[in-house]
Protein chains: 2
Amino acid sequence: MSDKRKIAEAAIVRLSVYNRALGEIEKEGLEIISSDELGDRIGYHATQIRKDLSCFGEFGEVGKGYFVRDLRDAISRILGVDRKWNVALAGAGHLGSALLAYPGFRQRGFNIVAVFDNDLAKIGKKWEGIVIQDTSELAKTVKEQDIRIGIIAVSPQVSQEIVDTLTSCGVRAILNFAPASITVGEGVELRNVDLATELECLSYFLTNEAEVRTEVLRKIKNNNGEGG
Amino acid sequence: MSDKRKIAEAAIVRLSVYNRALGEIEKEGLEIISSDELGDRIGYHATQIRKDLSCFGEFGEVGKGYFVRDLRDAISRILGVDRKWNVALAGAGHLGSALLAYPGFRQRGFNIVAVFDNDLAKIGKKWEGIVIQDTSELAKTVKEQDIRIGIIAVSPQVSQEIVDTLTSCGVRAILNFAPASITVGEGVELRNVDLATELECLSYFLTNEAEVRTEVLRKIKNNNGEGG
DNA sequence: CGGATGTTGTGATAAATTTCACAATATTAG
DNA sequence: CTAATATTGTGAAATTTATCACAACATCCG
Ligand SMILES: NC(=O)c1ccc[n+]([C@@H]2O[C@H](COP(=O)([O-])OP(=O)(O)OC[C@H]3O[C@@H](n4cnc5c(N)ncnc54)[C@H](O)[C@@H]3O)[C@@H](O)[C@H]2O)c1
Ligand SMILES: NC(=O)c1ccc[n+]([C@@H]2O[C@H](COP(=O)([O-])OP(=O)(O)OC[C@H]3O[C@@H](n4cnc5c(N)ncnc54)[C@H](O)[C@@H]3O)[C@@H](O)[C@H]2O)c1
C-alpha cells in the first residue's frame, strides 16, 4: 500500500539496521530469509519488520520469505542510498579525522569530498586525498561539488554558526556531533549524535539496575526478546 | 510521585539533553528558568519536560520556574552522573583515539582508565597518559580498576567477541560503535551508535524531501516546533 | 490587600507506535 | 491431489508516548 506519508523516524532507523543485517546475511551466502529469522538476528519482532516494509510495498514471497539481494536493493532505494552523496566535513580535529579516515561511509555511498577548518596549521594540508580548506571557501565549494550533507565536528561554540553557513548554501541535511542545542529552519533535517548522552543513559541504567532488572524479567515472562 | 519503574528510554535521553542545556544556561548566568523557556531552547514542549521530571520528584517552584543549579544537580543524581565512572575502551584505532583524546567525557564524570588493542605496534604505547594493553589483560584490568562501562571501537568482525569478554568480566553497560548486530545477556545495557545509519536517515530525508516538507507544514499549522 | 499574571505538577485525552491475529497464499511431503 | 506447514501483509487491538487542560499556588504591581 505504498504510502510514504506517515513513516516514523524510528522506522527509517530500523530500515537502515535491516539493510546492514541483510548485507551480513548476503555475505554468509544465504539467498532467502524470513522476517522471523531476520528479526531474531537483530532483535526485532518479525511483525515490526513486515509492518515497516509494508509502508513502501510488498517485497516478500508468501510461504517463502524475502530474497536477500532484492530486499536489500529495495531498502537501499527507499533510503536513497542507491546513489552517491557528496558530504562536507566541518572540523578536522580528533573526531573529524577519524570520520574522514573511515572507509565505511564511502562504501555506503557517502563521499566526504570537502573538509573545512579554521586552523591555519591544517588549512592546505592534504588528508586522505582531500585538501583542508578554510571555512571562508565553504559556500563556493558546496556549490561546485554539489554537496548535500554536512557533518559538524567543530567545537560546540561555533557549531550553530557553521550550521547556518551550511544551510545558507543550500545544505538540507546535517549530522551534528557538537554537544549544543542547534536549531535549523524548516526543510532542514538535523540529526544530533551526543556521545555524552549515550554514556549518561548507560550511567542511568547502572544506577537503576535493580528496577530495570525487574522490567526485564516482566518482559521475558511475556516472551519478549532483546531490544537492540 | 517518584516512581522509577516506567521511565521510557527516550525520557532518559531527554534528561541528558536538559542537563546539557542547563549547563549552558548556568554559564550565561541565569539562575532560574521556566520549563517554557528551557523547552524553547532545546526544541521540546514545556509539558514534556515537566512530565519527564515528574517521574522523579518535584523540582520546580510554582509561579517561578526551576533553580538552574538545583535542577541540574537533581538530574545529575537521577542519571547517576553525580559520581565518577571508570570506562574501558576497546580499540585504539582512528575512532578510539578520538574518543580517548576527548576531554568532555572526563568533564562529565566518565574516565577512560584503560585501553585495549591487539595491535603489537600499539600495545605498550602511552596515549593520553594511558598505556595501551593487550586484550588478554582485559579481565584482570576490569576488576582491578572497577570498570563498569565498555566502549567498543574495534572492527565489527571482533566486536561481539570483545563484548562477550567484557560482560563475562562483569561489565553491564556497553556503548558500541561497530556496525554489527551485537547481542548481550539480560541485565546488560547495550547502546549502539551507528553513524552510517545516521547518514542513511539523512539520505532518506533528502530523497523524500517533498513529502517531509508537507509533513512539516502540517505540524507548523498545529503549532509544533523543531524536533531537535 | 486584590486582581492580573506566571508557572508547576498531573489526571485526562489524544496521538503514535507496536504487537496481535488471521486470511491469503505458497511450498512440501506423501 | 490433499493435508500439513510456512510465511507474508495488514486491519484491529493493545500499549506506549506525547499533549492538553486546569487546579493550585506564587509573585508582581498598584
Ligand atoms: N572527539 C570525540 O570523541 C568527541 C566525542 C563527543 C563529542 N565530540 C564533539 O565533536 C566536536 C569535535 O570534537 P573533536 O574532538 O574533534 O575536537 P577538536 O578540538 O579535536 O577539533 C575541532 C576542530 O574544529 C576546528 N574549528 C574550530 N573552530 C572552527 C571554525 N570556526 N571553523 C572551522 N573549524 C573550526 C578546530 O580547528 C579543530 O580542528 C566537538 O564539538 C566535540 O564536543 C567529540
Ligand atoms: N572511524 C569512524 O569514523 C567510524 C565511523 C563509524 C563506525 N566506525 C566503527 O568503529 C569501529 C572502529 O573504527 P576505527 O575507524 O577506529 O577502526 P580502526 O581500524 O582504525 O581501529 C580498529 C582498532 O581495533 C583494533 N582491533 C582489531 N581487532 C581487535 C581485537 N580483537 N582486540 C582488540 N583490538 C582490536 C585494531 O588494532 C585497531 O587499532 C569499527 O567497527 C568501525 O566500523 C568508525
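Order of the sequence lines sets the chain letters (A, B, ...), proteins ahead of strands, with each chain counted from 1.
- At the phosphate of dT17(D), neither OP1 nor OP2 sits under 4.0 Å from any side-chain N or O atom of Y44(B).
- The phosphate of dT8(D) has OP1 or OP2 within less than 4.0 Å of a side-chain N or O from R50(A).
- N86(B) contributes a side-chain N or O that, together with a main-chain N or O of Q145(B), makes up a donor-acceptor pair within less than 3.5 Å.
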### Query
Dot-bracket for DNA chain C, 5' to 3', counting Watson-Crick or G-U wobble pairs under 3.5 Å, with [ ] for crossing pairs and | for inter-strand pairs?
||||||||||||||||||||||||||||||
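- In this structure, CG in L190(A) is found 10.5 Å from CZ in F205(B), a value given to the nearest 0.5 Å.
- Within residues 26-33 of chain B, no residue places a heavy atom under 4.0 Å from DNA chain D.
- With a 4.5 Å cut-off on side-chain heavy atoms, I151(B) and L99(B) count as touching.
- Regarding contacts with the backbone of dT17(C), every side-chain N or O of Q48(A) stays at 4.0 angstrom or more from both OP1 and OP2.
- Residues satisfying the side-chain contact (heavy atoms from CB on, under 4.5 Å) test with V13(B), not counting sequence neighbours, are T197(A), C201(A), R191(B).
- Using a 4.0 Å cut-off, no side-chain N or O of R14(B) falls inside it from OP1 or OP2 of dT17(D).
- With respect to R72(A) and E26(A), a salt bridge is recorded, a charged nitrogen being found less than 4.0 Å from a carboxylate O.
- Close to dG6(C), at under 4.0 Å from its OP1 or OP2, lies no side-chain N or O of Y66(B).
- Between dC20(C) and T47(A), no contact under 4.0 Å exists linking OP1 or OP2 to a side-chain N or O.
- Listed by chain and residue number, nothing satisfies the salt bridge (Lys or Arg N to Asp or Glu O under 4.0 Å) test with E161(B) (two or more places apart in sequence, or in another chain).
- The backbone N or O of S203(A) sits less than 3.5 Å from a side-chain atom of T207(A), completing a donor-acceptor pair.
- For D146(A), the salt bridge (Lys or Arg N to Asp or Glu O under 4.0 Å) test picks out R148(A), with sequence neighbours left out.
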#### Entry: Contact state string [nucleotides 25-30 of chain C, B base, S sugar-phosphate only, - no protein heavy atom under 4.0 Å]
BSS---
